Each structure stands twice: as structure tokens, then as C-alpha cells.
Amino acid sequence: MSYFVHILLLNVVPIGIMIAFGFVMGKKYSLHAQTLSKLVFNLFMPAFMFILLLEASISWGLAFKVLGFNLAFVIVLALAAAAVIRLRRYEPRMASAMRNSIMFYNSGNYMIPLNQLVFAGNPNTLAVQVIVSVFQNLLPGTYGVYNANAHKGRLLAALRTTLTYPGIYAAAAAVLIRSFHIPIPESLHLPFDYMANGTVALALVTLGVQLAGLNGNIRYKDVVISGSLRLLAGPLIGFGLVKLMAFEGDIAKALVLSCAAPTALISALIAIEYGNEAEFSSHAVLFSTMASMLTVTLTIFMIT
């Protein structure tokens with residue numbers, strides 16, 4: 001019960017309040033969700049990735065093992081999404097939105113504090129979750145952007161759009177700075193720090209503004225399918241992979257828990273940014289976040 005209360009009070013309620021603020025502002029003022037998403041996607045999110053990679057305390061050995069697990073996990077998720085897309089016969093725009101909603105999950109502001117609670121601040125399990133978060137911040141800005149644009153029939157244009165995403169270069173800069181121990185002036189570090197700290201709030205407000213402009217035409221069946229694959233199939237796939245890849249102990253448990261995270265907000269931001277089933281993607285994020293109160297609690301019960 002303590003896990004349920006923690007998830008409710010420290011994860012879902014604050015997220016809901018920020019989305020509600022955005023919803024009210026969207027109803028009261030003529031705010032443009034796509035303009036806000038450009039700020040989040042092209043400025044605040046890259047700053048968040050830069051600071052996360054710059055300050056995370058992780059070993060290369062553990063990083064490569066966890067990255068291998070995550071790569072295998074998203075490949076299996078992609079195959080599951082492909083099966084659903086084929087069965088449901090989605091048109092290309094919906095297919096890419098469904099794929100993003102299943103493959104990208106909220107591994108940062110949702111799962112990092114939860115990881116610290118479940119594993120009592122264990123530095124090894126926390127490092128695992130940080131690595132997952134880094135991977136899940138890089139993937140949407142690369143493959144996610146490509147996936148949202150590839151169906152438009154212009155492969156080179158989709159690749160060009162992906163390569164213009166600032167997050168790629170922010171991540172590369174952070175890795176180089178850490179590898180060569182390059183000092184950063186405080187006057188340069190602070191602006192990135194300020195933007196990183198504001199990323200989650202602005203992203204959630206953006207989702208609220210987007211929801212305020214929706215017409216209420218919810219694709220219930222598709223939203224439930226997305227949520228089920230993300231919240232129910234995700235931990236089961238993760239459990240199978242930790243067994244297959246011989247992870248043990250708390251590291252294995254942390255990896256399974258990371259697979260139970262709800263759909264990432266960035267999947268909706270990508271949909272808004274590129275005009276790609278924004279209504280479905282926004283509803284998928286909202287439903288997944290609310291339903292995770294039960295499913296994440298169940299996952300914790302199963303692994304502890």
C-alpha cells in the first residue's frame with residue numbers, strides 16, 4: 001500500500017496538477033501547443049539530456065550491459081507494436097504514433113525517484129535507472145523523429161530531420177566533455193541547468209494545452225491497446241530478458257521495474273511537433289500515466 005500511496009502522491013498527482021494547469025491555460029488563452037512543443041523538444045529537452053549525461057555517476061561496464069538490455073527490450077517492443085499494427089491495419093500516421101507510444105516510456109522523472117524508494121537509495125540500482133533514462137531520452141530524438149516522418153515517403157528528408165535534432169549534439173557534447181574532463185564555465189553551465197530543471201514542468205503544461213484543444217474524440221480501443229502493451233507486456237518482456245541475459249539480484253529487479261514505466265510524454269510532443277496523430281498520442285500518455293498507479297504497484301509487488 002505504501003508504494004501505491006507513493007506513486008499516487010509523488011508521481012501521478014503532481015503530473016496531473018501540471019497537466020491541469022496547462023489545460024486551464026489552454027482554455028483561457030490562445031496558446032499554441034505546437035509552439036510550446038518546439039521549445040520543449042528543441043531547447044529544453046536537449047538541455048535536460050546534456051545535464052543528465054554530464055552529471056550521472058555511472059561506470060562504462062554497467063552502462064554497456066544495461067544499454068544492451070534496453071536495445072533488446074525496445075526491439076521486442078517494436079516487434080509487438082508491428083504485430084498490433086498489422087492486426088489493426090493502421091494507416092501509416094497511426095502506425096508510427098502507436099509504435100512511439102509503446103517504445104518510449106517515462107524513465108526519468110517518474111522512475112528515478114521510485115527506484116530510490118523501492119531499493120532504498122541503492123547506488124547500483126539508481127545507476128541502472130539513470131542509464132535507462134539516458135537511453136530513453138536519446139531514442140525518441142533519433143528513431144522517434146525518424147519514425148514520425150518516414151511514412152511521408154521522403155526517406156532522405158526524414159533522415160535530415162532526425163539529424164537536425166539538437167539533442168543528438170547535446171548528448172555527444174556531454175560525452176566528450178566527460179571523457180576528456182573539459183571544465184565548463186559556471187556562466188555556461190547555469191543556463192543549461194536552469195532549462196533542464198524546467199523541462200518536466202514545461203512539457204507537462206504543453207500536454208495540458210494540447211488536451212485543451214482536443215475535440216473529445218478518444219480512440220478508446222487504441223489507447224487501451226497502447227497502455228496494455230506498455231504497462232502489462234513491458235514488465236513481462238523485461239522479466240524474460242533479464243533471465244535470458246543472466247542479470248541477477250537487485251540489478252535484475254531494477255531492470256524489470258524500469259520496463260513498467262508509463263508512456264513517455266515525448267511521444268506526444270513528437271506527435272504534436274510533426275502533426276502525427278497528436279490526439280491519440282496525448283490520450284495515450286494520459287491514460288498510461290493514470291493506469292500506472294495500479295500496474296507499477298503490481299510490478300513492485302511481484303519483484304520484491
Side-chain angles (χ1 to χ4, degrees), residues 45-78 103-146 162-163 165-184 189 192-193 196-197 199-200 234-235 237-262 264 266-267 299 303:
M45 193 67 73
F48 178 82
M49 292 168 58
F50 179 77
I51 294 297
L52 184 64
L53 278 169
L54 200 63
E55 299 180 351
S57 178
I58 53 179
S59 69
W60 287 114
L62 180 62
F64 282 122
K65 287 180 67 177
V66 174
L67 286 174
F69 171 89
N70 273 270
L71 183 60
F73 181 58
V74 296
I75 289 172
V76 176
L77 287 178
M103 292 175 61
F104 306 145
Y105 45 96
N106 191 348
S107 57
N109 63 296
Y110 188 110
M111 296 305 286
I112 286 177
L114 188 62
N115 178 286
Q116 291 177 295
L117 173 75
V118 174
F119 299 104
N122 184 318
N124 292 323
T125 58
L126 179 59
V128 166
Q129 190 57 55
V130 169
I131 296 165
V132 173
S133 182
V134 169
F135 182 80
Q136 275 292 321
N137 274 279
L138 281 171
L139 192 64
T142 51
Y143 175 75
V145 173
Y146 170 78
T162 302
L163 291 173
Y165 175 54
I168 298 173
Y169 306 101
V175 170
L176 287 173
I177 289 168
R178 284 194 61 161
S179 300
F180 294 99
H181 307 286
I182 302 171
I184 303 177
H189 187 280
F192 283 95
D193 207 29
N197 290 335
T199 299
V200 173
I237 295 169
F239 180 78
L241 286 174
V242 297
K243 293 294 184 183
L244 185 65
M245 300 176 74
F247 285 100
E248 297 179 342
D250 285 343
I251 297 296
K253 293 177 181 179
L255 287 170
V256 174
L257 180 59
S258 74
C259 297
I266 196 170
S267 66
T299 301
I303 65 174

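All values below were derived from every heavy atom in this structure, side-chain atoms included, with hydrogens, water molecules and symmetry-related copies excluded. Note that the numbering runs from 1 along the sequence shown for the chain. Every value quoted in this text rests on a predicted model; they were computed, and no experiment measured them.
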When the side chains of residues 243-262 are checked against the rest of the protein, which donor-acceptor pairs come out under 3.5 Å, sequence neighbours left out?
from, atom 1, to, atom 2, distance (Å)
Ser258, OG, Leu255, O, 2.6

Mind checking the [atom1]-[atom2] spacing from [X] to [Y]? Nearest 0.5 Å is all I need.
| X | Y | atom1 | atom2 | value |
| --- | --- | --- | --- | --- |
| Asn70 | Leu138 | CG | CG | 11.0 Å |
| Thr199 | Asn197 | OG1 | CG | 8.0 Å |
| Ile266 | Met45 | CD1 | CE | 4.0 Å |
| Phe48 | Leu53 | CZ | CG | 10.0 Å |

Legend entry - Nearest heavy atoms of His189 and Ile51, plus distance in Å: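 Nearest heavy atoms, His189 then Ile51: NE2-CD1, 3.9 Å.
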
Inset, instruction - Show the numbers, then the answer: is there a side chain to side chain contact (heavy atoms under 4.5 Å, CB included) between Gln136 and Asn106? - result: CA-CA 8 Å; Gln136 275 292 321; Asn106 191 348; over 6 Å; no

Using distance only, find each side-chain donor-acceptor pair of residues 127-134 under 3.5 Å and give its atom names and separation, not counting sequence neighbours.
from, atom 1, to, atom 2, distance (Å)
Gln129, NE2, Ser107, O, 2.9
Ser133, OG, Asn137, ND2, 3.4

Result block: side-chain N/O donor-acceptor pairs under 3.5 angstrom for residues 165-177, not counting sequence neighbours:
from, atom 1, to, atom 2, distance (Å)
Tyr169, OH, Leu163, O, 2.5

Legend entry - Validation row, ring centre Phe73 to ring centre Tyr105 under 6.0 Å: yes

Legend entry - Parallel, tilted or perpendicular: ring planes of Phe104 versus Tyr143, cut at 30 and 60 degrees: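 Geometry flag for Tyr143 against Phe104: perpendicular rings.
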
Inset, instruction - Report yes if the side chains of Val74 and Phe135 come closer than 4.5 Å at any heavy-atom pair, otherwise no. - result: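 They are in contact (side-chain heavy atoms under 4.5 Å apart), so the answer is yes.
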
Legend entry - Close side-chain approach of Phe119 to Leu126, heavy-atom, < 4.5 Å: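 No, every pair of side-chain atoms sits at 4.5 Å or beyond.
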
